**Q** 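After the structure tokens below, expect a handful of questions from me.
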Amino acid sequence: MKKLFTTLMLAAVTALTPALACTNFIITKGASTDGSVLVTYAADSHQLYGALYKYNPAKKAAAMMPVYEWDSGKYLGDIPQLKTTYSTVGNMNEHSVIITETTFGGRSELHNPDGIIDYGSLIYIALQRAKTAREAIDVIVELANTYGYYSSGESFSIADANEAWIMELIGKGPDKKGIVWVARRVPDGYICAHANQARITTFPLNDPENCLYAPDVISFAREKGYFSGKDEEFSFADAYAPLDFGAMRACEARVWSFFRTFATDMDKYYDFAMGLNKDNRMPLWVKPVRKISPKQVFDAMRDHYEGTPMDMTQDIGAGGHGLPYRWRPMNFEVDGKTYLNERATATQQTGFWLCGQAREGKTGILWFGMDDAATSCLTPIYCNTTAVPECMAEGNGSMLDYSDSSAFWLFNRVTNFAYLRYDMMSKDIRKVVDYWENAMLEDVNAVDAQMAGLATKAQKKIATEYSIAKANELFGNWSRLDKYLLLKYVDGNLKSEHADVLSYVIEAKTSSEHFVDNGNGKKIPGKIQYPGYNERWKRAVAKDNGLRLLSR
């Protein structure tokens, strides 16, 4: 039994390589409070630099375009460029098409090292060429089948203002160029999610309005020996990405926690999320108890399994200040036994994260943020913007180059400091986050009204100026938050305040106005507090080294 447990734990670690590290939530328009379609994405990688990608069609496009692997920057080849393409910002285009992904890997023998199109190129080229979600599916299939698919198994979220799809695909191996795939439309009024594990099992074979698939998706599985049953029994996930302990515990568990937040009866799948019962599989989508607001969607990306038995803030691994993170690697050994570290939706190695909001009759918005979703903030970027703020632009810093004007590095400065005393600092950060996001959700209504009825060029001008101005304003707020946290928490002390963090960050009160001094006019702090550590940590320290530390 011990040997089996160790094997299962190692399987979990195998499923958590750096490439397999993203999360997507999908909310259909019938499930959202404002009738918009929302898709979230956390681009999680230990080597990805957070930037807001921008593509504007050239007036005179080159005949060919180079393709580089998104993860590594490796040049893969050239493909013909189209004469007509669409502008994009991040993972959204000017027509409000949204495409995001998570990598599930799947069967390693199906990787094609000679392919020219990787999963990142599928996303960003499809955004340049598709006006609807269904068109994007067609573009993805055509690109992969024509030029060869370079990456491993992928799940895509593909949406526009009217519908949302989950599409899963994998290559055919080094001797075959194309892909096998299935795409299912998420029923209106439902929510869906994927997190590094293929989730489409059986699917309707004669419902093209709601389900599309490769003509050989079943026959190829038979040919490879992955499936031998009746066609109607065929499961894409079981054939091309069979479940194991890691796929459930580290991947499907994130989906379970999201579903559990908004739908009933999800606790009955707890043993599945824990990796203990793969036969108790969750559904592909669920109907929420009530409609979900954009702010609730934003906050769902900040999940650390709070309120569940996997809550990462509650065990001793969280340290003396409830830190919901465990530094990599994803496993550790004690006395010959292997243990895992939980993998939640919010994670420290996020490069950027977003929520694409496609709105029928209105310009779409890409809510965009940098670094760990739990301690960072989303700002509105209209999908028809012609430029991006310099603080978020590609080329402003890198993972090897610090930049004082980079939002990625500024948010990382704040977050990495917060990791030292997470239980306290994260509360201050969250007050600023909630203030900003709630304010922006109200603010865009005025911008929408301003753009209504204007010519396209005028709308783009307003959208661009607004998106850049708000991103710069957020950068300024976060610069003040950076200073505030250092002033308040330096050296493990805690300075008393006249008001909360918003006084300093948003109202721009001076330090003398905000913090309490000792009354002698020399700017010396008064009423300094020494909060120490949480109770669980104190008891653990006493148990570990109590004889030496005991006061006598």
Side-chain angles (χ1 to χ4, degrees), residues 50 52 293-299 301-302 346 352-355 357 365-382 388-392 404-448 450 465-490 494-517 523 525 527 529:
L52 181 55
S293 71
K295 179 61 169 133
Q296 288 176 303
V297 178
F298 300 170
D299 291 341
M301 293 295 287
R302 299 183 164 108
F352 64 81
W353 67 292
L354 58 87
C355 178
Q357 185 180 21
I365 299 175
L366 184 79
W367 297 89
F368 189 79
M370 302 286 196
D371 193 38
D372 180 351
T375 45
S376 65
C377 207
L378 293 174
T379 194
I381 306 291
Y382 275 89
V388 298
E390 175 62 22
C391 63
M392 295 179 174
D404 287 319
S405 60
S406 161
F408 175 83
W409 282 119
L410 175 60
F411 276 86
N412 268 280
R413 279 172 59 89
V414 169
T415 296
N416 276 269
F417 185 47
Y419 290 158
L420 298 176
R421 308 190 80 178
Y422 194 86
D423 54 348
M424 302 175 197
M425 292 193 213
S426 65
K427 293 177 182 177
D428 285 326
I429 294 172
R430 186 59 184 267
K431 288 179 181 178
V432 181
V433 167
D434 289 343
Y435 172 87
W436 176 265
E437 290 178 349
N438 286 324
M440 290 304 98
L441 284 163
E442 288 294 325
D443 204 39
V444 295
N445 293 326
V447 181
D448 292 341
Q450 187 181 0
E465 290 176 351
Y466 175 80
S467 299
I468 291 175
K470 288 304 173 182
N472 288 337
E473 184 180 339
L474 177 61
F475 187 90
N477 288 343
W478 232 254
S479 296
R480 288 187 63 78
L481 178 60
D482 184 31
K483 298 179 180 67
Y484 165 87
L485 293 174
L486 184 59
L487 282 166
K488 181 176 178 179
Y489 293 101
V490 65
L494 182 62
K495 291 186 178 71
S496 294
E497 306 163 273
H498 293 298
D500 68 17
V501 60
L502 298 179
S503 162
Y504 189 93
V505 174
I506 304 299
E507 298 174 24
K509 294 287 183 67
T510 65
S511 296
S512 297
E513 293 173 310
H514 181 83
F515 291 104
V516 175
D517 67 21
K523 294 187 177 182
K527 299 181 181 179
Q529 303 168 54

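Just so it is clear, the model here is predicted, and its values are computed rather than measured. Sequence positions, counted from 1, serve as the residue numbers for this chain.
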**Q** Does Ser512 form a side-chain contact (heavy atoms from CB on, under 4.5 Å) with Asp517? I'd like the steps, not just the answer.
**A** CA-CA 7 Å; Ser512 297; Asp517 67 21; 6.0 Å; no
**Q** Would you check if the side chain of Arg480 reaches a backbone N or O of Ile506 as a donor-acceptor pair within less than 3.5 Å?
**A** no
**Q** When you look at OH of Tyr435, are more than 12 heavy atoms from neighbouring residues, nucleotides or ligands closer to it than 6.0 Å?
**A** no
**Q** Can you tell me how far CZ of Phe411 sits from OG of Ser406, rounded to the nearest 0.5 angstrom?
**A** 10.0 Å
**Q** side-chain contact (heavy atoms from CB on, under 4.5 Å) between Leu486 and Phe417: does it pass, once the steps are laid out?
**A** CA-CA 8 Å; Leu486 184 59; Phe417 185 47; 4.2 Å; yes
**Q** Starting at OG of Ser503, measure out to CD of Glu513 and round the result to the nearest 0.5 Å.
**A** 7.5 Å
**Q** Using distance alone, with no hydrogens and no angle criterion, decide if Asp371 and Thr415 have a side-chain donor and acceptor under 3.5 Å apart.
**A** yes
**Q** Lys495 side chain to Leu487 main-chain N or O, any donor-acceptor pair under 3.5 Å?
**A** yes
**Q** Can you name the nearest heavy-atom pair linking Tyr419 to Asp372, along with the distance?
**A** OH-OD2, 2.8 Å
**Q** When you measure from the side chain of Ser496 to the backbone of Val516, do you find a donor-acceptor pair of N or O atoms at a distance under 3.5 Å?
**A** no
**Q** Write down the atom of Trp478, the atom of Thr375, and the distance for their closest heavy-atom approach.
**A** CZ2-O, 3.7 Å
**Q** side-chain contact (heavy atoms from CB on, under 4.5 Å) between Tyr382 and Asp448: does it pass, once the steps are laid out?
**A** CA-CA 10 Å; Tyr382 275 89; Asp448 292 341; 2.8 Å; yes
**Q** Less than 4.5 Å apart, any side-chain heavy atom of Lys483 and any of Tyr504?
**A** yes
**Q** Find out whether Phe352 and Leu52 are in side-chain contact, i.e. whether some heavy atom of one side chain is under 4.5 Å from a heavy atom of the other.
**A** no
**Q** Describe, in one word, how the ring planes of Phe298 and Trp367 are oriented to each other, choosing from parallel (under 30°), tilted (30 to 60°) and perpendicular (over 60°).
**A** tilted
**Q** Please give me the minimum heavy-atom distance between Ala407 and Met392, naming the atom from each residue.
**A** CB-CG, 4.2 Å
**Q** Would you give the length of the straight line joining atom SG of Cys377 to atom CZ of Phe368, rounded to the nearest 0.5 angstrom?
**A** 13.0 Å
**Q** If the test is side-chain hydrogen bond (donor to acceptor under 3.5 Å, both in side chains), which one of Lys509, Glu497, Lys488 qualifies with His514?
**A** Glu497
**Q** Do any N or O atoms from the side chain of Asp443 and from the backbone of Ala439 form a donor-acceptor pair under 3.5 angstrom?
**A** no
**Q** About how many Å separate CG of Asn472 and OG of Ser467, when rounded to the nearest 0.5 Å?
**A** 11.0 Å
**Q** Please confirm whether the backbone N or O of Met370 pairs with a side-chain atom of Ser376, one donor and one acceptor, at under 3.5 Å?
**A** yes
**Q** Side chains of Cys355 and Met301: does their closest heavy-atom pair fall under 4.5 Å?
**A** no
**Q** If you measure from OG on Ser293 to CG on Leu441, what distance do you get to the nearest 0.5 Å?
**A** 8.0 Å
**Q** Would you say CZ of Arg430 has more than 12 non-hydrogen atoms from neighbouring residues, nucleotides or ligands within 6.0 angstrom?
**A** yes
**Q** Of all heavy-atom pairs between Thr379 and Trp436, which one has the smallest distance, and what is that distance?
**A** OG1-CZ2, 3.6 Å
**Q** Before giving the answer on side-chain contact (heavy atoms from CB on, under 4.5 Å), spell out for Lys431 and Val505 the whole-Å C-alpha distance, their side-chain angles and the decisive distance to 0.1 Å.
**A** CA-CA 10 Å; Lys431 288 179 181 178; Val505 174; over 6 Å; no
**Q** Does any non-hydrogen side-chain atom of Ile468 lie less than 4.5 Å from one of Val388?
**A** no
**Q** Please round to the nearest 0.5 Å and tell me the distance separating atom CZ of Arg413 and atom CG of Leu485.
**A** 11.0 Å
**Q** On a heavy-atom basis, which atom in Leu378 and which in Leu354 lie closest, and how many Å separate them?
**A** CD2-CA, 4.2 Å
**Q** Provide the closest heavy-atom pair for Leu494 versus Tyr489 in the form atom of the first, atom of the second, distance.
**A** CD1-CE2, 3.3 Å
